[in-house]
Amino acid sequence: GVGTPRKASVAKTSDGYYVVTPDNGSLTHIKKLVGIDEIREIDESVNRLKGKGTEDVAIFHGRDVFAYCGARLAAGIIEFEGVGPAYPVEEIIEHEILKPHIDKGYVKGIIEIPDPNFGNSWTNISLKEFKSAGFEYGDMINVIIKNKDKEIFKKKILFHQSFGFAVKGQPMIYNNELMNIAFAVNQGSFFETYGIGYGADWTVEFKKGE
């Protein structure tokens with residue numbers, strides 16, 4: 001959305017942080033899970049890098065608008081009110097958040113986020129929800145991952161607390177730092193090894209091992 005009419009914004013979260021971001025859906029989870037008390041549109045006439053000959057460039061907002069405004073706010077050069085005009089929190093653009101299906105011995109969700117630094121795949125299923133279905137550390141669990149109706153991955157794999165419990169090169173289920181269920185390969189990349197993507201079309205099913 002860079003260079004389009006979408007708002008450049010700074011959100012003030014309910015736990016006291018400022019998030020500098022395009023208002024293009026990126027605040028969806030923050031608004032739902034943390035809460036947003038106030039949001040302001042960045043006034044580019046004040047909070048934009050100038051004097052570098054890039055005033056008419058519309059594709060470097062990360063450098064010229066977001067980083068510049070964020071630095072001014074962090075340094076105390078401007079207060080939050082100096083970011084620009086406030087607008088209703090209700091107008092924040094949000095994406096649909098899909099909820100997992102939880103049953104005894106069965107959970108279905110989606111691959112929601114890739115973790116490119118480590119090659120892991122994160123689901124939209126919380127550890128609490130997963131355990132409520134009866135899954136525990138040390139279980140071998142039947143897993144099916146599909147892209148739409150096409151089966152991409154089907155294995156019985158280990159669910160445990162960290163990567164070292166799996167054999168090197170083998171896939172496993174663990175809970176990530178967000179306390180959501182995720183996939184990894186011990187000393188490898190899960191999504192590269194098995195060609196796993198992410199998004200609403202990438203569904204995952206967990207069933208008790210037999």
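Counting from 1, the numbers follow the sequence of the chain as shown.
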Notebook entry, point to check: What pair of heavy atoms forms the shortest contact from G109 to N124, and how long is it?
Noted result: CA-OD1, 3.4 Å
Notebook entry, point to check: With hydrophobic residues grouped by side-chain heavy-atom distances under 4.5 Å, do I152 and I113 end up in a single group?
Noted result: no
Notebook entry, point to check: Between I145 and W202, is any pair of side-chain heavy atoms under 4.5 Å apart?
Noted result: yes
Next item on the list: Answer yes or no: are there more than 12 heavy-atom neighbours, outside Y106 itself, under 6.0 Å from its atom OH?
Entry: yes
Donor-acceptor contacts under 3.5 Å from residues 79-100 side chains, at least two apart:
{"residue": "Y87", "atom": "OH", "partner": "D23", "partner atom": "OD2", "Å": "2.7"}
{"residue": "E94", "atom": "OE2", "partner": "K31", "partner atom": "NZ", "Å": "2.8"}
{"residue": "H95", "atom": "NE2", "partner": "N24", "partner atom": "O", "Å": "3.4"}

Check: Does the pair R48 and V65 meet the rule for a side-chain contact (heavy atoms from CB on, under 4.5 Å), with working shown?
Finding: CA-CA 5 Å; R48 182 189 172 107; V65 178; 3.7 Å; yes
Checklist line | Minimum side-chain heavy-atom gap T193-P171 below 4.5 Å | finding: no
Notebook entry, point to check: Does E177 reach the side chain of W122, with side-chain heavy atoms less than 4.5 Å apart?
Noted result: yes
Check: Where do H29 and E112 come nearest, in terms of heavy atoms and distance?
Finding: NE2-OE2, 3.2 Å
Item checked: Side chain to side chain, I39 and L27, heavy atoms closer than 4.5 Å -> yes
Notebook entry, point to check: Would one find more than 12 heavy atoms of other residues, nucleotides or ligands at under 6.0 Å from atom NZ of K154?
Noted result: no
Checklist line | ILVMFWY cluster, V185 and M172 together (side-chain gap under 4.5 Å) | finding: no
Next item on the list: Give the intermediate values and the outcome of side-chain contact (heavy atoms from CB on, under 4.5 Å) for residues F130 and I141.
Entry: CA-CA 12 Å; F130 203 61; I141 300 173; 3.8 Å; yes
Item checked: Interatomic spacing from NZ in K12 to CG in D37 - rounded to 0.5 Å -> 7.0 Å
Next item on the list: Could you list who else is in I144's hydrophobic cluster, with ILVMFWY side chains joined at under 4.5 Å, directly or through other members?
Entry: none
Next item on the list: Taking the six-membered ring for Trp and the full ring for Phe, Tyr or His, determine whether the centres of F183 and F206 are under 6.0 Å apart.
Entry: yes
Check: What is the distance from atom CZ of R6 to atom OG of S26, rounded to the nearest 0.5 Å?
Finding: 9.0 Å
Checklist line | Atom pair CD (E38) and OH (Y18), whose distance is rounded to the nearest 0.5 Å | finding: 8.5 Å
Note to self: Does any part of the side chain of N142, heavy atoms only, come nearer than 4.5 Å to the side chain of K156, both counted from C-beta?
What the structure shows: yes
Checklist line | V20 to G70 - nearest heavy-atom pair and separation | finding: CG2-CA, 4.0 Å
Check: Roughly how far, to the nearest 0.5 Å, is the CG atom of D15 from the CG atom of L33?
Finding: 11.0 Å
Next item on the list: Measure across F66 and S9 and return the closest heavy-atom pair with its distance rounded to 0.1 Å.
Entry: CE2-N, 4.1 Å
Notebook entry, point to check: What about L73 and V19, same hydrophobic cluster or not, with Ile/Leu/Val/Met/Phe/Trp/Tyr joined at side-chain heavy-atom distances under 4.5 Å?
Noted result: no
Notebook entry, point to check: Between F190 and F153, is the gap from one ring center to the other below 6.0 Å?
Noted result: yes
Notebook entry, point to check: Which atoms form the tightest heavy-atom contact between G138 and L158, and what is the distance?
Noted result: O-CD1, 3.8 Å
Item checked: Flag side-chain contact, heavy atom, 4.5 Å: K128 against M179 -> no
Next item on the list: Can you measure from CD (Q187) to CZ (F118) and round to the nearest 0.5 angstrom?
Entry: 13.0 Å
Notebook entry, point to check: With the 4.5 Å side-chain cut-off for hydrophobic clustering, are Y174 and I111 part of the same group?
Noted result: no
Notebook entry, point to check: Which pair of heavy atoms, one from K208 and one from G134, lies closest together, and at what distance?
Noted result: NZ-O, 2.6 Å
Notebook entry, point to check: Can you list the other members of the hydrophobic cluster that holds V167, where links are side-chain heavy atoms under 4.5 angstrom apart?
Noted result: none
Notebook entry, point to check: Does a side-chain heavy-atom distance below 4.5 Å link L127 with I181?
Noted result: yes
Notebook entry, point to check: Is I173 linked to I110 within one hydrophobic cluster, defined over Ile, Leu, Val, Met, Phe, Trp and Tyr using a side-chain heavy-atom separation of less than 4.5 Å?
Noted result: no
Notebook entry, point to check: Above 12 or not: heavy atoms from other molecules or residues under 6.0 Å from NZ of K32?
Noted result: no
Checklist line | Any F165 side-chain heavy atom under 4.5 Å of N186 side chain | finding: no
Next item on the list: Would you confirm whether K50, through its side chain, and S45, through its main-chain N or O, come within 3.5 Å as a donor-acceptor pair?
Entry: yes
Item checked: salt_bridge(D103, K108) N-O dist < 4.0 Å -> no
Next item on the list: Output the distance between atom NZ (K131) and atom CG (D139), rounded to the nearest 0.5 Å.
Entry: 10.0 Å
Note to self: Please report whether the ring centroid of Y137 lies less than 6.0 Å from that of F159.
What the structure shows: yes
Check: Distance-only, no hydrogens or angles: does the N176 side chain make a donor-acceptor pair with backbone N or O of L178 under 3.5 Å?
Finding: yes
